[in-house]
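Scroll down for the structure; my scribbles are underneath it.
Treat the numbers as computed from the prediction; the structure is a model and nothing was measured. Excluded from the calculations below are hydrogen atoms, water molecules and symmetry mates; all remaining heavy atoms, backbone and side chain alike, are included. Note on naming: letters A, B, ... go to the chains in the order of the sequence lines (proteins, then strands), and numbering restarts at 1 for each one.
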Number of protein chains: 2
Amino acid sequence: MTIEDVALAAGVHVATVSRALREGGMVAPATREKVQAAARRLGYRPNVAAATLRTRRSSLVGVIVTDLGNPFFGPILKGLETELRKSGWMSLVVQPPEDAAGRRDVVLALADRQVGGLIIGAAEIDDPLLDTADGLQLPVVLVNRGYGERRFPSIVTDDRESMRLALDHLLALGHRHIAHIAGPRSSSTGRARAEAFGDLCRQQGIGDAIIVETPAFTRAAGNEAALSVLDVAAPPTAVVAGNDMLALGVLDAAGHCGLSVPGDLSLVGHNDMPLVDLIDPPLTTIRVPVEQLSRQAARLLIEQMHNADEAVMMRVMMPSLVVRASTGPARR
Amino acid sequence: MTIEDVALAAGVHVATVSRALREGGMVAPATREKVQAAARRLGYRPNVAAATLRTRRSSLVGVIVTDLGNPFFGPILKGLETELRKSGWMSLVVQPPEDAAGRRDVVLALADRQVGGLIIGAAEIDDPLLDTADGLQLPVVLVNRGYGERRFPSIVTDDRESMRLALDHLLALGHRHIAHIAGPRSSSTGRARAEAFGDLCRQQGIGDAIIVETPAFTRAAGNEAALSVLDVAAPPTAVVAGNDMLALGVLDAAGHCGLSVPGDLSLVGHNDMPLVDLIDPPLTTIRVPVEQLSRQAARLLIEQMHNADEAVMMRVMMPSLVVRASTGPARR
DNA sequence: TTGTACGCGTTATCAC
DNA sequence: GTGATAACGCGTACAA
């Protein structure tokens, strides 16, 4: 069942069928109708591979996400897929390997499929992923990760504002000994939040603020890092975690050290991922507007793909503080 | 940069290049090496669209999942993608619409992309998705959903065993008034668990077991259904939920009714999705081996795609009980 | 073992 | 506004 069959059935030439079935084709309304009727009657489906071969374009978008197991990414993926498909794009989802060569290959493999662009929710700073995409001239949008030199369009939340919200909240509760369990410096969010936290502490005259970097945004890493901070004579009275997964690890560590939350230790997470409102204690955290984040990202990519020479831009979304029960007044 | 350029550079014919670069091609080792060297030197990347057009095969697999926002699906997607790509397949991820036409179209769109097969983690009973895939002769594997007539290969957990584990646990704790907040009967798991629960209760001589069906596996639906059961004079002392999301809703309802868990009400979930070990109280639940479930599904699909006339088979995985703190002895 | 030749289904560029 | 025709890049019988 090819375009030729339709042409035959409609009594026109294949070229006319092609035009009639596509948006911009210049065809007489009557002809178009005739063709569409024939196509429908025959159950004709255009051969996507042939069209891709001819046009060098496919209706595919590469979605590169680390750690699909992380509850934070589910909603992001959901928003992305929904919004992309609304515009006719399908999502090729890939988790990149750790090694540089593997990351390069992932982008190449995606490019081989003629993806129109890439949404990357996994970029590290100086990521081979980005260099490769850049070399291929592939439109890219970063979600929730900026890039060191801001070379790529991205949707991010304001990390400085996040830390300000967290810190103000803790200061208002009387805390003065505050630690930050930071995500890896190789990720823009890990780095930006750590730097903002440091700056703000200095501004507030908190000299002894501790910042510990973790190797990954995981519960295990959070636990380990938190132990090094909490398992001492005079532990801090509050901790700001780089994200919610790290916060869960901090919770583990607090339990291990016999510290009650929020009695002995106040804890602020980041992201407000699903279910953190139900854990014990319900987590005070910084909410990022996930739904809008992912929809904006999809839209931005679509714009970039549509208009190749769109200016590089960053859209910054504002986080907000959600106070639950993991924070309380300082005892000391 | 086409296959012809490589042929020129290697001093052989394009056909030879094609053979040399693919697995089964019969080429002299020396020639192959020469060709590979030339290809590498030129940075040649085969045109996937052309190959797809020619062979009518792509290295794409359709992954149809409802509700990417549900924390249960993240890990499943993760295992699926990992395993599929290990065998050279990329995942086209799609969330199906609710309406029949939309579900049909999703499968057609996937088929248009020449996907080798479909992994469906969203099938309803008598789902248009399945009929369409069936009509297209597309290899299909169902994850965590069986099909009414068992026409499709699937990976499932043993729902009867799940319910047996849950019920035995509650009976051992002395409960006799037990309700089941069931998932929709339109889903195989919802139906199977409800039926098993009913059967087992009868076997145990529990005549007054209540089963309430929900319209969806969501927290809100669980809450609503649970309210109808708990907000009465003599509520049951234990509830088995159709899955963890429903269980969270039950928890909400219990709070609303002033029932403490597990003091006044014992609660068993299903799936052991991420973070339910941290909620208050930590949820007793039925663990499904997600990692293996998804990997098995991917492997099964790969087998089906490889060997078209593989017998339809179902692989059943055994669930296990994870006792945490949401269940306790019956007071009455 | 290698080369020849054709076709896969579409779209784009021309004439008309 | 429509028809003819030439690519697009590759895989594969078949012949050599």
Q | CA sep, side-chain torsions, deciding dist, call: A:R151, A:D131, salt bridge (charged side-chain N to carboxylate O under 4.0 Å, His left out) | A | CA-CA 10 Å; A:R151 282 191 298 153; A:D131 296 329; 3.5 Å; yes
(Q) Please report the distance, rounded to the nearest Å, between CD in B:Q114 and P in C:dC8. (A) 14 Å
Q: For A:S18 and A:V14, indicate whether the former's side chain and the latter's backbone hold a donor-acceptor pair under 3.5 Å.
A: no
Q: Please identify each residue that fulfils side-chain contact (heavy atoms from CB on, under 4.5 Å) with A:D105, with sequence neighbours left out.
A: A:L108
(Q) I'd like to know if B:D99 pairs up with B:R104 as an ion pair, taking the criterion as any Lys NZ or Arg NE/NH1/NH2 lying under 4.0 Å from an Asp or Glu carboxylate oxygen. (A) no
Q: Determine, for nucleotides 9-16 of chain D in 5'-to-3' order, which nucleotides have protein heavy atoms under 4.0 Å from the base (write B), from only the sugar-phosphate (write S), or from neither (write -).
A: BBBBB---
**Q.** Residue among B:R85, B:E81, B:K78 satisfying side-chain hydrogen bond (donor to acceptor under 3.5 Å, both in side chains) with A:Q95
**A.** B:E81
Q | Spacing of A:L21 atom CG relative to C:dT10 atom C1', expressed in whole Å | A | 12 Å
Q) Reckon B:T31 touches a base, only the sugar-phosphate, or nothing at all at heavy-atom distances under 4.0 Å? A) sugar-phosphate
